[in-house]
Amino acid sequence: MESEGLLEVLHKPHVLFFHFSRPFFSSQYLSPFLDTSKNLRVYISIKPLCILREIYHYPVTACLVPICSLYGAAVTTVEGVGSIKTRIHPVQERLAKCHGTQCGFCSPGMVMSIYTLLRNHPEPTPEQITESLGGNLCRCTGYRPIVESGKTFCVESAVCQMKGSGKCCMDQEERSFSDKQEKICTKLYNEDEFQPLDPTQEPIFPPELIRMAEDPNKRRLVFQGERTTWITPVTLNDLLELKTNFPKAPLIMGNTTVGPSVKFSNKFHPVFISPLGLPDLYFVDSTDDGVTIGAGYSLAQLNDALQFIVSEQPKEKTKTYRALLKHLRTLAGAQIRNMATLGGHVVSRPNYSDLNPILAAGNAIINLISKEGERQIPLDGHFLERSPDASLKPEEVVLSVYIPHSPQWHFVSGLRMAQRQENASAIANAGMSVQFEEGTDRIKALQMFYGSVGPTVVSASQACQQLIGRQWDDQMLSDACRLVLDEIYIPPAAKGGMVEYRRTLIISLLFKFYLRVRQGLNKMDPQKFPNIPEKFLSALEDFPIETPQGIQTFQCVDPSQPPQDPVGHPVMHQSAIKHATGEAVFVDDMPPIAQELFLAVVTSTRAHAKIISIDTSEALALPGVVDVITAEDVPGDNNHQGEIFYAQNEVICVGQIVCTVAADTYAHAKEAAKKVKIAYEDLEPRIITIEQALEHNSFLSVEKKIEQGNVEQAFKYVDQIIEGEVHVEGQEHFYMETQTILAIPQEEDKEMVLHLGTQFPTHVQEYVAAALNVPRSRIACHMKRAGGAFGGKVTKPALLGAVCAVAANKTGRPIRFVLERGNDMLITAGRHPLFGKYKIGFMNNGVIKAADVEYYINGGCTPDESEMVIEFIVLKSENAYNIPNFRCRGRACKTNLPSNTAFRGFGFPQATVVVEAYITAVASQCNLPPEQVKEINMYKRTSETAYGQTFNPALLRRCWKECLEKSSFSARKQAAEEFNKNNYWKKRGLAVVPMKFTIGIPLTYYNQAAALVHIYLDGSVLVIHGGCEIGQGLHTKMIQVASRELNIPESYIHLPETSTITVPNAVFTAGSMGTDINGKAVQNACQILMARLQPVIRKNPKGTWEDWVSYQTNMDWEKGKGNPYPYFVCGASCSEVEVDCLTGAHKLLRTDIFVDAAFSINPALDIGQVEGAFIQGMGLYTTEELKYSPEGVLYSRGPDDYKIPTVTEIPKEFYVTLVRSQNPIAIYSSKGLGEAAMFLGSSVLFAIYDAVTAARRERGLTKTFTLSSPATPELIRMTCVDQFTDLVSVGRRGPIISTPYVGSQVLGMDS
């Protein structure tokens, strides 16, 4: 087995570690189709023997590491760290026991990041823990418990974290609620249970690898493949000779540039040259004038080298180094910084580079070498703009980069703005430097380089030249802004869009540099150069990256409760240890099945078109391809309940599945899918947006409406009426495990077994049965666990399961179907974008008398869950406010986009933003604080909702009151106002939002569960019992028993298998007692079911079996009244943010959440759900932005373009309290909390609104405005209107003629 695997590498030297390792590891730290450079599970620790004989451990992204590059390195996977079969490692144990894992799919990556840090730093600082996790993504936990698990290894003693309250967090009496007898707990785990970290017990570096590294007779290493050759030289001369012989061969060091180009751009290279470990490329040479750093240094090593130099050299000499260090902290993640090299980064010249503009501004020089000799080229504008005369010759190699010390009177800065603070490419960045004539502020030399504003890094050389000799004053700045905008042109159709925002950033970053230099000059000679105004100081610094902290508060367990009773205790997730060791089995971890095939999809490239032809001939001719499956191959329904499995005759969205290719490997299937040729003829109309759907009257469902009072009459008797519109954009689920299905056709009775991660196995069963034209009882769906779902695995696995099952049915072979991230995002869509319109009538004291609200959601091209989502939106449209005359209407729009689907909160997070927006607008019109208007209109006593359900607001008002009091809202609001008075370019905002959320679904069928005997909607019955069929006819007898008890024909009943998942603790089948004991069990189950059906049967005695088992009702939409929900969850959250008005960046300083949990069965899990939902909601309202072309093509198809929150986005202070109450409806008086807290993330949105309002008010803009969602940096910056945004809007192209608003009077700089 091992030798075969190694032989395959020799045939495929370009293979990546993670593809190579899958056949050998049963561990679940690997998943084959994650995203390059953002891999969430595939982290490994590498221990190379460094040039200085130091062993250094670093985490890397396994899906980028070529297996041949690991020659001579020791590799540790999460399995090697620890296992439940041997011994778990303290890192794994603490991640699990600190509740840092939920779905578990990202947990191995978290383990490897912390483990590697501990190998290098056994006593890390909290900042190092946070930094080590910066390259990891998690969608479940909200990161806080993950960071906390890492902080348990830090030596710093814990301190009280109840900042702002003046109370100790451990003061039980003070931390109690109104009932002083209720004790409040704040500990979710017991540190005494942790095993100590003992570095002496870690694996040593293999001695044989040391001997190999020290071998004086090393020879060139060559891996020869069928199509490619991998060559590792052992000397510099060897490298130069190879480059001469193969001038087009790429040099592979970290593979962070070549790897993605091969994967995503289909680049092919017959030869790879890898000089990894070549001593001539790894060095630091420091002189009196500067430092020369070897091209082989990784960016992490570069960081360490610069840190040392900064500590050794005078501060004035290290301006360039400090600018580089600042950007190295946020560039990509730790894994990529460990792989990417200085030479590779410089020579690849990415247009978004954060480092190259700084190196150019610092006058760096590139040292090149070839067989012909050495030469130097300046790292300047000509080089970065890819001028032919300033580029490398094909045979040349970058040997090193020289970075000179900063001379006196020379200033260098790096500036950037990205969608999120870390691990995101810049929207715009800059490297700038200025050299003054000694002792003056007269410009001697000036350089400005900008990234992400063109196809290359661009230099504003002409503007700089015109400014030589000018004084560094406000008039120079004014002219500089106009000159730079004139020189750097961003066309309207530029890739990435955001043209006006990027142009604004160009001059906003220039202004920041201007201020920094002014401050620097003042420090050199305070008498000669006045300092900048104190109100401007906050503009100089970026938001710091700080380690989050907080307290989680919950009700202590009653002391009289028996110790063996776990209810109410923060018990660890039962699979947490397996998550942390990588031994939790997900679907794609299941071992290969004999004759298994892989499926690749061919999707539509048109939004609305007729299919003229599908040519599969070229695809079928490729090696390994078994078949191409189309709509013609579906034996049953290809359109089930409006959901189309394979497109037939017509496509109705970009991303619709047209056909699939089944092949012996995924690589073969994917390659063949590219060869399928589809001819289209475009059709009209092509509807993409909600506005276009309204124009064409295109809807998926009828209007849903609730109403109380007389809205029209009430509008006649109010003081003021306002109208407005709010857009809330969609959201991608971005679960860590993409949609994965394993379909296995059985040999008898047309049975099909599916293993998949889904939230609704019954739905999958229904759709697969419909597609295959068999009873549902012939379809078995196995669901072990899913790597995140959030609603995205409710309906979509049914459609994909049917697609996969049809392929398995046609080929007669097992099919493994795993969507790549890009295809998953394209095909499955996500949260419904929403357009809300409101008309509000209110009195001058803030009392709202009438509200007329309309909601429209973008449902996409098929029904999916859109009708139910709009029902939820309408029913929940009041939120916490009791408006006497209230009308809400909603419709789901039909468009030519992939169908949007269920998502955590199910419409509530979008709809309630509209509610909070009009409440805030009313407050603005009345000149009242928003929180006062919210309280005025909040439910005050037990009342009926607009749809007639009784609601008692006691818990709502309790959560609201406690949130205001315990978050110190009033004091912090005053502090924020004082901060805003003293800071012109940074503003703080606070917002508090209440929540009234309903639990359940207004269909009786969905509010019940079954076990052992399943009755499906089509009337078929599935019987599962603990006995085993060994030839004695046991299953037959069981069907007979069920037939009698249920009074249905035997043909309705199917018995597929025995499963310990469905029937635990079954005894053995022996002693001739199988029928006796299992028959009684089936009889008992059937009798229970029949007893439950009797009320339904009595109401409809003449009905059929199918009628009885599908009985459902709860909400009368004709009357707009009903009792659709069993109970409510109430809560409130308060968030404080700080906004950078010059860039649009924001920092979440603190969040306090109070949620009515009734009695929490497991506080650790419930708090985890609240925190995770809040962070996911925060992402919805801030960083997560889906972008479509006008033709309906999704641009945001991976983590490079779609930014979910990382560890640096979570609140600096995070306080969560579970409020105790009673809920007699649910088990143990508990409540479901996973969905509710999603909306509480909107407190961040409205805190941003508050900060932006403060900025606009100071600039004389007092008119009420609407801040739609998401509040991206672009939206924040462009809403903070100032002289720079005015300048951009005045001069979109060409010379700016009108007077700019950047003069000294506006800036207040010069007298």
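The model shown is predicted, which means the values in this text are computed figures rather than measured ones.
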Visitor: Mind checking whether Y1195 and Y1188 have ring centres under 6.0 Å apart?
Guide: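 They do not qualify: ring centres at least 6.0 Å apart.
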
Visitor: List in chain and number order the residues that pass side-chain hydrogen bond (donor to acceptor under 3.5 Å, both in side chains) with K675, two or more places apart in sequence or in another chain; answer none if no residue qualifies.
Guide: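 K675 satisfies side-chain hydrogen bond (donor to acceptor under 3.5 Å, both in side chains) with no other residue.
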
Visitor: Which heavy atom in I815 sits nearest to a heavy atom in A662, and how many Å separate them?
Guide: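 Smallest interatomic distance, heavy atoms only, reads CD1-CB, 4.2 Å.
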
Visitor: When you compare the side chain of Q739 with that of T828, does any pair of heavy atoms fall below 4.5 Å?
Guide: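 Yes, at least one pair of side-chain atoms sits under 4.5 Å.
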
Visitor: Search all heavy atoms of C653 against all heavy atoms of P898 and return the closest pair with its distance.
Guide: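 It is CB-N, 3.7 Å.
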
Visitor: State the OG1-CD1 distance between T738 and I827, to the nearest 0.5 angstrom.
Guide: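 Rounded to the nearest 0.5 Å, the OG1-CD1 separation comes out at 10.5 Å.
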
Visitor: Do E732 and S1196 have side chains that get closer than 4.5 Å, going by heavy atoms?
Guide: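 Not touching, per the 4.5 Å side-chain cut-off.
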
Visitor: Is a side-chain donor or acceptor of E396 paired with a backbone partner of S391 at a separation under 3.5 angstrom?
Guide: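 Pair absent, no side-chain N/O of E396 close to backbone of S391.
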
Visitor: Could I get the full list of side-chain hydrogen bond (donor to acceptor under 3.5 Å, both in side chains) partners for D1201, not counting sequence neighbours?
Guide: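 Not a single residue meets the side-chain hydrogen bond (donor to acceptor under 3.5 Å, both in side chains) criterion with D1201.
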
Visitor: Mind checking what makes side-chain hydrogen bond (donor to acceptor under 3.5 Å, both in side chains) contact with Y646, not counting sequence neighbours?
Guide: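 Listed in chain order: T660.
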
Visitor: Do E596 and R816 meet the salt-bridge criterion of a basic N to acidic O distance under 4.0 Å?
Guide: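 Yes.
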
Visitor: Specify whether F272 and H269 have parallel, tilted or perpendicular ring planes, treating 30° as the upper limit for parallel and 60° as the lower limit for perpendicular.
Guide: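 Rings of F272 and H269: perpendicular, over 60°.
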
Visitor: S113 and Q335: side-chain donor and acceptor closer than 3.5 Å?
Guide: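 Yes.
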
Visitor: What I'd like to find out is whether the side chain of E737 reaches to under 4.5 Å of the side chain of K793, using heavy atoms alone.
Guide: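 Contact flag for E737/K793 side chains = yes.
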
Visitor: Between T229 and Q224, does any side-chain donor sit less than 3.5 Å from a side-chain acceptor?
Guide: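 T229 vs Q224: donor-acceptor pair found between side chains.
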
Visitor: Measure the spacing between SG of C804 and CG of L819 and express it to the nearest 0.5 Å.
Guide: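 Answer rounded to 0.5 Å: 10.0 Å.
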
Visitor: Looking at G792 and P797, what are the two nearest heavy atoms and their distance?
Guide: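 Reported closest heavy-atom pair: O-CD, 4.0 Å.
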
Visitor: Check G254 against T341 and note the closest heavy-atom contact, atom names and distance.
Guide: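 For G254 versus T341, the nearest heavy atoms are N-CG2, 4.5 Å.
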
Visitor: Please report the interatomic distance SG(C140) to OH(Y735), rounded to the nearest 0.5 Å.
Guide: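 One gets 13.0 Å once the value is rounded to the nearest 0.5 Å.
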
Visitor: I'd like to check P814 versus L597 (side-chain heavy atoms, cut-off strictly below 4.5 Å). Are they in contact?
Guide: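 Side chain of P814 against side chain of L597, heavy atoms only: no contact under 4.5 Å found.
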
Visitor: Among N351, V458, N429, which residue meets the side-chain contact (heavy atoms from CB on, under 4.5 Å) test with V453?
Guide: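 Passing option: V458.
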
Visitor: Does either side chain, that of Y1202 or that of Q419, offer a donor lying less than 3.5 Å from an acceptor on the other one?
Guide: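 No donor-acceptor contact under 3.5 Å links the two side chains.
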
Visitor: Measuring from atom CD1 of I678 to atom CG of D615, what distance do you get when rounded to the nearest 0.5 angstrom?
Guide: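 Taking CD1 in I678 and CG in D615, the distance rounds to 10.0 Å.
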
Visitor: Does the side chain of I427 reach to within under 4.5 Å of the side chain of M498, using non-hydrogen atoms?
Guide: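 In contact.
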
Visitor: Can you name the residues that form a ring pair (Phe, Tyr, Trp, His ring centres under 6.0 Å) with H345, not counting sequence neighbours?
Guide: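 Not a single residue meets the ring pair (Phe, Tyr, Trp, His ring centres under 6.0 Å) criterion with H345.
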
Visitor: Between S425 and A418, which heavy-atom pair has the shortest distance, and what is it?
Guide: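 Looking at all heavy atoms of both residues, the closest pair is O-CB, 3.5 Å.
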
Visitor: G451 and V457: which non-hydrogen atoms are nearest, and at how many Å?
Guide: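 Looking at all heavy atoms of both residues, the closest pair is CA-CG2, 4.3 Å.
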
Visitor: Mark yes or no for whether E671, through its side chain, and H668, through its backbone, hold a donor-acceptor pair below 3.5 Å.
Guide: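 Judged by distance alone, no pair lies under 3.5 Å.
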
Visitor: Would you kindly check if the NZ (Lys) or CZ (Arg) of R337 is within the cone defined by 45 degrees around the ring axis of Y58 and under 6.0 Å from the six-membered ring centre?
Guide: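 So R337 doesn't make the cation-pi contact.
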
Visitor: Could you check if a side-chain atom of L392 sits within less than 4.5 angstrom of a side-chain atom of V347, using non-hydrogen atoms only?
Guide: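 A side-chain contact under 4.5 Å exists here.
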
Visitor: So, does S348 use its side chain to make a donor-acceptor pair with the main chain of G344 at under 3.5 Å?
Guide: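 Pair found, side chain donor or acceptor close to backbone of G344.
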
Visitor: Would the number of heavy atoms belonging to other residues, nucleotides or ligands and lying under 6.0 Å from NZ of K674 be above 12?
Guide: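 Yes.
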
Visitor: State which residues pass salt bridge (charged side-chain N to carboxylate O under 4.0 Å, His left out) with R386; sequence neighbours excluded, sorted by chain then number.
Guide: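 For R386 there are no salt bridge (charged side-chain N to carboxylate O under 4.0 Å, His left out) partners, ignoring immediate neighbours.
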
Visitor: With K267, which residues qualify under side-chain hydrogen bond (donor to acceptor under 3.5 Å, both in side chains), at least two apart?
Guide: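 K267 satisfies side-chain hydrogen bond (donor to acceptor under 3.5 Å, both in side chains) with no other residue.
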
Visitor: Nearest 0.5 Å please: distance from the CD1 atom of I614 over to the NZ atom of K677.
Guide: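 Atom-to-atom, I614:CD1 and K677:NZ are 13.5 Å apart.
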
Visitor: Taking the side chain as everything from C-beta on, heavy atoms only, tell me whether T116 gets closer than 4.5 Å to S132.
Guide: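 No; the side chains remain at least 4.5 Å from each other.
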
Visitor: Is there a donor in the side chain of W230 and an acceptor in the side chain of T228, or the other way round, less than 3.5 Å apart?
Guide: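 W230 vs T228: no donor-acceptor pair found between side chains.
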
Visitor: With a 3.5 Å cut-off and no angle check, do the side chains of S1189 and E1191 form a donor-acceptor pair?
Guide: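 A pair is found: one side chain offers a donor N or O, the other an acceptor, under 3.5 Å apart.
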
Visitor: Atom CG of L359 and atom CG of L342: how far apart are they, to the nearest 0.5 Å?
Guide: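 Between L359 CG and L342 CG, I get 7.0 Å after rounding to 0.5 Å.
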
Visitor: Would R349 count as a cation-pi partner of F383, with NZ or CZ less than 6.0 Å from the six-membered ring centre and within 45° of the ring normal?
Guide: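 Judged by the rule (NZ or CZ under 6.0 Å from the ring centre, within 45° of its axis), R349 counts as positioned above F383.
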
Visitor: Are K1203 and E1184 close enough for a salt bridge, meaning some N to O gap below 4.0 Å?
Guide: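 Judged by the 4.0 Å cut-off on N to carboxylate O distance, K1203 and E1184 do not form a salt bridge.
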
Visitor: Would you say the side chain of L620 lies within less than 4.5 Å of the side chain of V628, judging by non-hydrogen atoms?
Guide: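 Answer yes - side chains close enough.
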
Visitor: Are the side chain of R1197 and the backbone of G822 linked by a donor-acceptor contact shorter than 3.5 Å?
Guide: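 Pair found, side chain donor or acceptor close to backbone of G822.
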
